[in-house]
Amino acid sequence: MSAETLTWLAEKAWFIRAFEGAIARAADAGEVPGLVHLSNGAELLELAVAHALKPGLDQVTGSHRSHGIALSLGVDPYGLACEILGREGGLSSGLGGTQHLIAPESGLLGSNGIVGGQVPLALGAALSAKTLGTGGIAVAYFGDGAANQGAVLESLNLASALKLPVLFVCENNGLGQSTASSYAAGGVSLLGRARSFGLAADHVDGTDVVEAIKVADRLASWVRSAGSPAFLEASVPRLSGHYHGDAETYRGNGAGPTDPFDRLPKLLADRDVPEGLVAEMKARAEAEAERVVAKATQAADVSDKALQRYLKEAGA
Amino acid sequence: MTKLSLRDALNRAHHQIMSADDTVVVIGEDILGGSGVDGGQELGGVFGVTAGLAARFGEARVIDTPISETAFVGMATGAAMTGLKPIVEVMFCDFMGVCFDQIMNQAAKARFLSDGRFDLPLTIRTTMGAGDGSAAMHSQSIYGLLATVPGLVVACPSTPADAAGILKAAVAAKGPVVLMEHKGLYGEMGVVDEALPPVPLGKGRVVREGADVTIVAVSAFVNRAVEAADLLNAEGIEAEVIDPRTIKPLDLPLILESVKKTGRLLVAAEDAAFGGFADAVISAVSRAAFSDLRAAPAAITPPDAPVPYGRKAEAVWLPGTDEIVAAASALATA
């Protein structure tokens, strides 16, 4: 990976981490209506996938844990923060909220409150791309927990049967809420499942950003050129609980997951990116995230007016 | 007698039920919690209702499942056909969208299709309710929708004693019962008999007597209706508050008796604005006792829109005591 790509990616990653941190503090201060499920630990993998996509052509669907996916795709951070806070300027004026983020203009078709509910929708985006000949592909993000949902397993088959240009990205963080993936998932591996449906499939250590960029690019390119589905299983840590505030007493006393960001300084140094520049970039990303979320907390709550608009249009 | 929260009353009822009957099993997502994780503590369900069950009755009877609602609700249905009495938890009633075939076609129709050759002692517990910023897919109240399905009993208790008692009656019932617990009521305290006696399905309860207007209120709306009745009292209006407890079968005789006295009916329910529980009650009362009505019946429900996320929108969406007072007051003077 070039120094340019890595610095781009690292700065975005720090921004996403800082954004989630600012959201967490806003939640602690009572500024957030609902529970937030933070992306900490999955940033590098999600940026690697975003790096393989074509803005304006491709569409992505995500789970309840999609703040980072939105930012990786270039969704406006202020619009995102306002939506998470339920404020004016939010993507959906605060009607949807943290679990229902919609920004198709940035390639985020939608995130979802139902485990696995987003996956068939990505097949629809792939069908549109195929039928309309846009050259676009779709990406369906889901977790290891959703991998046991009927809608997801049906989608693996349907995408294979209809030859749809969709990349399934299973972010395996080892836990579906409090239940271990090793307990909940029968069979040898999720990868084996995907292959049994006839999908091209690969695994990547989502904390290894160099590898993640390569594998995501290879699979996305294959989906685009072959017009057939592929499956990427990425191991990523869940650093912030199921939701922010989750005491995780079910986790036990073992060593917690390691932070994939720990590897960034060496990767940057190996590419001769000056330490001073790195520190400056990190500080800039953090300051900008702070500023955006702070500004969002100052925005008005106009969700009641948005609801009235909806009702008027619906004739209710 | 003792004082318990609705959560603890349900938990204690689970303990009593499982200890009295070895064929009762509890099935759901994270109901034990931490399955497959070394060394952690149990979660006991996301709201703590199933706490301590696995330690006492073992993991063969307290079964954590993958996130596979279709499969585990269907499994519970099949188990109920073949000798077990499952209590299956669907974490939020919104998730019933995932497994509605198993509920609507498989569980609800099984006794009918077998011509009664097997019973289906299946209890489906689930949560419902807006008011905590959980937005469109973790906040719905779909008891009216579920009650349209022939073969399902649907209950929505509002007190700790009723929640525990209905759970007991549900497990003892011959057919499937959906027990809907309002998230906002888990901390609700109430006096209960230690034995947590069963509450008969299909029997409502007069919460407060009054001669001027009948308010039929469901689940979390019962408390709001009682608050409204206090405020109405100051206006010289005596409201009678009825908690139907079971949505279907509905205790229509209890409601008709009240309407005969008051001539005025208000239904306060958190489910659908169109074709929901409120419309069903108003329709049933209008057909059975049109001549008793002295004013057109009224309903307080949220508007015909998904549950919004933003605080102001959710506050507008979810009717409160004030709306009940205004509607009841308008009815009483109509």
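Numbers restart at 1 for each chain; the letters A, B, ... are given by sequence-line order, proteins then strands. Every heavy atom of this structure was used, including side-chain atoms; hydrogens, water molecules and symmetry mates were not.
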If you round to the nearest 0.5 Å, how far is [atom2] of [Y] from [atom1] of [X]?
X	Y	atom1	atom2	value
A:Ser189	A:Arg195	OG	CZ	7.0 Å
A:Leu190	A:Phe168	CG	CZ	13.0 Å
B:Leu179	B:Thr126	CG	OG1	9.0 Å
A:Arg193	A:Phe231	CZ	CZ	8.5 Å
A:His242	A:Asn173	NE2	CG	10.0 Å

So for [X], is it side chain, backbone, both, or neither that comes closer than 4.5 Å to the heavy atoms of chain B?
X	value
A:Glu31	backbone
A:Val32	both
A:Thr98	both
A:Gln308	side chain

- Name the one of A:His203, A:Glu233, A:Arg238 that satisfies side-chain hydrogen bond (donor to acceptor under 3.5 Å, both in side chains) with A:Asn172?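 Checked A:His203, A:Glu233, A:Arg238 against A:Asn172; only one passes side-chain hydrogen bond (donor to acceptor under 3.5 Å, both in side chains): A:Glu233.
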- Item | Interface residues of residues 145-160 of chain A facing chain B - heavy atom cut-off under 4.5 Å |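 Heavy-atom contacts from residues 145-160 of chain A to chain B are A:Gly145, A:Asn148, A:Gln149.
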- Message: Non-hydrogen contacts under 4.5 angstrom with chain B: give the residues of residues 178-185 of chain A involved, or none if there are none.
- Response: A:Ser178, A:Thr179, A:Ala180, A:Ser182, A:Tyr183, A:Ala184
Output the option from [options] having the highest count of non-hydrogen pairs under 4.5 Å with chain B.
options	answer
A:Gly97, A:Gly86, A:Gly117	A:Gly97
A:Val302, A:Leu85, A:Leu307	A:Leu307
A:Ser92, A:Gly176, A:Gly96	A:Gly96
A:Asp304, A:Ile114, A:Val115	A:Asp304

Indicate whether the side chain of [X] and that of [Y] have a donor and an acceptor atom separated by less than 3.5 Å.
X	Y	value
A:Asp28	A:His244	yes
A:Gln99	A:His37	no
A:Gln118	A:Tyr141	no
B:Glu270	B:His182	yes

- Note on the structure: By residue number, those in residues 24-34 of chain B with heavy atoms under 4.5 Å from heavy atoms of chain A are B:Asp30, B:Gly33, B:Gly34
Any sub-3.5 Å donor-acceptor pair from [X]'s side-chain atoms to [Y]'s backbone N or O?
X	Y	answer
A:Glu20	A:Ser39	yes
A:Asn40	A:Ser240	no
B:Thr127	B:Lys183	no

- Using a cut-off of under 4.5 Å on heavy-atom pairs, state which of B:Val46, B:Asp64, B:Thr65, B:Asp132 scores highest against chain A. B:Asp64
- Task: Output all residues satisfying side-chain hydrogen bond (donor to acceptor under 3.5 Å, both in side chains) with B:Glu89, sequence neighbours left out; order by chain, then residue number.
- Result: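 Testing B:Glu89 for side-chain hydrogen bond (donor to acceptor under 3.5 Å, both in side chains), a comparison that skips the adjacent residues, returns B:Arg125.
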